[in-house]
Amino acid sequence: MHILRSPREIAQMRKPGLLVWRAHQLAAKLVKPGVTTGEIDAAVEKFFVEHNAIPLFKGVPGKVPFPAVTCISVNDEVVHGIPGKRVLHEGDIVSIDTGCKFDGWCGDSAITHPVGKIEAETQRLLDVTSGVLALAIGLMGKRSKWSEVASEMGTYVRDAGFSVVESFVGHGIGREMHEDPQVPNFVSNQLRRSGDFALEPGLVIAVEPMVNMGTKQVKGLPDFWTQATQDGKASAHFEHTIAMTPDGPWVLTGPPVPNEQTPW
Ligand code: MG
Ligand code: MG
């Protein structure tokens, strides 16, 4: 069972959320042809360290511990790409995923950027993926159960002619980055039977649709981390940490509003 957070706890979670938002603004400015994914990761790490935030991704256990503070996944890479010497080229798309802990609370968010000018169909993939996240956020204030949102997300992506990745899902988030419940971006019998949850005040989840241009199937690469599409076609990923409040969903990793107190 997942934990519901108090209004005070949710307000605390806005701090790592804003730091993650800010880290993404910094990363976005660096995305251009000729930049390496390692340079983007180094800038995000410096930002977190300077702001007393603990990067959440570095050291995550696996066959080898994850070595960076961001996951950077290019083109057909879906998630968990390792930043390094890879150079970004005009026409690429680059998914940047990062999270931090601040004052004991976690934030997690991902954005896929175009590198220079990209093909129209690739831009449509980005628009559909950010669009399905926006759809989910809007529906969270209007539906009572997650399965209703997940079902509409699946339909939205299918209608666009793309596919939702099913092997990776979103998650509850709070004191730890990955908490209950699991938050799939599609509906299944398993979700309806035993995985469903109410969209009630206090719920805090990371919603993170991954959308593939072709098959939904993914494969692991030999670096033990990177997941890529099986057909080599492009994939996009957008994620926000979202809290349910009595006034509706609050995007904790979204931009500051005017006069909002920021932790830096
Ligand atoms: Mg993430
Ligand atoms: Mg996540």
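Any value given below was found using the heavy atoms of this structure, including those in side chains, with hydrogens, waters and symmetry copies removed. In listed order, ligands and their atoms are each counted from 1. FYI, the numbering just counts along the sequence from 1.
Checked against a 6.0 Å centroid threshold, the rings of Phe168 and His80 count as neighbours.
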- Message: I'd like to know whether Asp76 forms a side-chain hydrogen bond (donor to acceptor under 3.5 Å, both in side chains) with Thr229, so could you lay out the CA-CA distance, the side-chain angles of the two residues, the decisive distance to 0.1 Å, and finally the verdict.
- Response: CA-CA 6 Å; Asp76 61 314; Thr229 58; 4.6 Å; no
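Distance check for His178 against the Mg ion (ligand 2): none of its N/O/S atoms falls below 2.8 Å.
The heavy-atom pair separating Ile93 from Pro114 by the smallest distance is CG2-CA, 4.3 Å.
In this structure, a donor-acceptor pair under 3.5 Å is absent between the side chains of Thr112 and His237.
Our summary of the site lists the angle at the Mg ion (ligand 2) between OE2 of Glu208 and OD2 of Asp108 as 170°, to the nearest 10 degrees. Note: angle at the Mg ion (ligand 1), from OD2 of Asp97 to OE1 of Glu239, is 110° (rounded to 10 degrees).
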